[in-house]
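Some notes on the structure that comes next.
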Amino acid sequence: MRLIGGLANYIHTEEIPPSLQRSYDDIDIATPKGASRRVGDFFARLGYEPAREFNALQGDRRLLFCDRANNRKLDVFVGSFEMCHTIPITRRIELDDRTIPLAELLLTKLQVVELNDKDLRDIATLLNAHEVGGAASGSIKREFIASLTADDGGLWRTVKRNLERVHDRIGSLSLDAGAQARIVERADALWEDIERMPKSRKWRVRDRVGDRKRWYELPDEVRR
């Protein structure tokens, strides 16, 4: 099991600027295919109450639990992260012993079509704290993100919009000039690699459709 979501961001960030800090009300977990039953049994033993009907129908890709004593939800994504887009979050799960890798963690936020303030702050937190590219273990591997977006025109389109939103909304985050410049520079570096990566035939076919057809899923539809 590995953490994803806001708690994973928190673990990877030594100091979060006050304007980027937020509460962490829920726990999000990733686990590989084939491990969902063991994970479900584990959390049940800890006292988490399973959403039995949902888990029976969706347990091969997602599990839900509730910690009623603390009014806290536990969400387990099995194999991949399926919301607006599908992100393979467990393909490289062995790279970190606490969370999914930083690139996958960033993508779970960049794939959000209706980006809210919490998502924007999480993106800014990651880009402020971690270099984009490079061999260091604490860097965001932009070639992984570029390779996924080069094969998925819908994901590419959403990531493009959200990196543009970083530019447009960075001033709303009450950060000092150095942090703003660092975040924008790293967002630009990521986009440059995404654009340089040769695109697949599937990407080119989808690109011709443009905005005429919806290129993302609605999370409520995925959850059902």
Side-chain angles (χ1 to χ4, degrees), residues 3-24 28 81 83-85 87-89 92 95-96 99-199 203 207 210-211 215-216:
L3 276 172
I4 63 175
L7 280 174
N9 287 6
Y10 179 81
I11 283 175
H12 276 292
T13 310
E14 292 184 4
E15 184 176 352
I16 300 178
S19 64
L20 299 182
Q21 294 175 9
R22 67 176 184 85
S23 62
Y24 304 102
D28 297 322
F81 181 88
M83 295 298 276
C84 298
H85 300 278
I87 310 298
I89 55 174
R92 308 188 308 155
L95 295 182
D96 193 292
T99 77
I100 61 173
L102 289 169
E104 286 88 325
L105 191 56
L106 180 58
L107 268 176
T108 63
K109 295 298 178 177
L110 289 175
Q111 64 84 42
V112 177
V113 172
E114 296 181 359
L115 197 75
N116 61 31
D117 181 67
K118 180 186 71 174
D119 299 320
L120 178 64
R121 281 186 286 165
D122 282 347
I123 291 170
T125 296
L126 284 168
L127 291 176
N128 184 54
H130 303 283
E131 292 185 5
V132 173
S137 60
S139 65
I140 298 167
K141 305 306 181 189
R142 58 190 182 189
E143 65 272 13
F144 179 80
I145 296 175
S147 66
L148 290 184
T149 55
D151 193 51
D152 185 339
L155 178 62
W156 175 91
R157 188 173 295 272
T158 299
V159 168
K160 179 178 187 293
R161 290 188 171 201
N162 283 334
L163 291 176
E164 290 171 349
R165 285 167 173 156
V166 170
H167 268 270
D168 295 341
R169 295 165 58 181
I170 191 68
S172 70
L173 296 178
S174 301
L175 294 165
D176 62 57
Q180 289 190 36
R182 184 162 49 249
I183 291 166
V184 169
E185 179 183 353
R186 290 171 177 174
D188 288 347
L190 175 59
W191 181 246
E192 288 171 5
D193 264 32
I194 289 172
E195 283 291 79
R196 278 197 296 265
M197 182 69 70
K199 306 301 188 285
W203 185 98
D207 188 57
D211 293 349
W215 65 92
Y216 56 88

Quick one, Leu110 and Leu163 - any side-chain contact, counting heavy atoms below 4.5 Å? yes
Does the side chain of Arg157 reach to within under 4.5 Å of the side chain of Asp211, using non-hydrogen atoms? yes
Where the side chain of Arg186 meets the backbone of Asn128, is there a donor-acceptor pair that is under 3.5 Å apart? yes
State plainly whether the residues Arg165 and Asp168 are in salt-bridge range, i.e. N to O under 4.0 Å. no
Identify, with sequence neighbours excluded, every residue that meets side-chain contact (heavy atoms from CB on, under 4.5 Å) alongside Asp152. Leu155
Considering all heavy atoms of both residues, which atom of Pro198 and which atom of Ala150 are nearest to each other, and what is their separation? O-CB, 3.4 Å
Can you find a heavy atom in the side chain of Leu107 that is under 4.5 Å from one in the side chain of Ile89? no
Is the closest side-chain heavy-atom distance between Ile123 and Leu115 below 4.5 Å? yes
Trp191 and Trp156 aromatic ring geometry - parallel, tilted or perpendicular at 30°/60° bounds: tilted
More than 12 heavy atoms of other residues, nucleotides or ligands under 6.0 Å from CD of Glu185: is that the case? no
Output for pair (Asn9 CG, Leu105 CG), nearest 0.5 Å, gives 4.5 Å
Under the side-chain hydrogen bond (donor to acceptor under 3.5 Å, both in side chains) criterion, do Lys160 and Thr158 qualify, and how do the steps go? CA-CA 5 Å; Lys160 179 178 187 293; Thr158 299; over 6 Å; no
Pairwise distance CG(Leu120) to OG1(Thr125) - rounded to 0.5 angstrom: 9.0 Å
Begin with the C-alpha distance, continue with both residues' side-chain angles, and end with the deciding distance and a verdict on salt bridge (charged side-chain N to carboxylate O under 4.0 Å, His left out) for Arg22 and Asp117. CA-CA 10 Å; Arg22 67 176 184 85; Asp117 181 67; over 6 Å; no
Could you tell me whether a side-chain N or O of Gln111 sits under 3.5 Å from a main-chain N or O of Thr108, the two making a donor and an acceptor? yes
CG (Asp122) and CD1 (Ile16) are apart, to the nearest 0.5 Å, by 8.5 Å
According to ring pair (Phe, Tyr, Trp, His ring centres under 6.0 Å), does anything in residues 157-188 pair up with another residue at least two apart or in another chain? List the pairs. none
Spatial distance of atom CG (Leu95) from atom CZ (Phe144) [nearest 0.5 Å]: 9.5 Å
Residue pair Pro88 / Leu148, side-chain heavy-atom distance below 4.5 Å: yes
Closest contact, heavy atoms only, Lys199 versus Glu195: NZ-O, 3.3 Å
Quick check: does any side chain N or O of Ser19 sit under 3.5 Å from a backbone N or O of Leu173, one acting as donor and the other as acceptor? yes
Measuring only between side-chain heavy atoms, which start at C-beta, is Leu127 closer than 4.5 Å to Ile140? yes
Roughly how far, to the nearest 0.5 Å, is CZ of Arg182 from NE2 of His130? 12.0 Å
At what distance, to the nearest 0.5 angstrom, does CG of Asn162 lie from CD of Glu114? 11.0 Å
Would you check if the side chain of Thr149 reaches a backbone N or O of Ala146 as a donor-acceptor pair within less than 3.5 Å? yes
N/O donor-acceptor pair under 3.5 Å between Ser139 side chain and Gly133 backbone: yes
In terms of heavy-atom contacts, His12 and Ile100 come closest through NE2-O, 4.5 Å
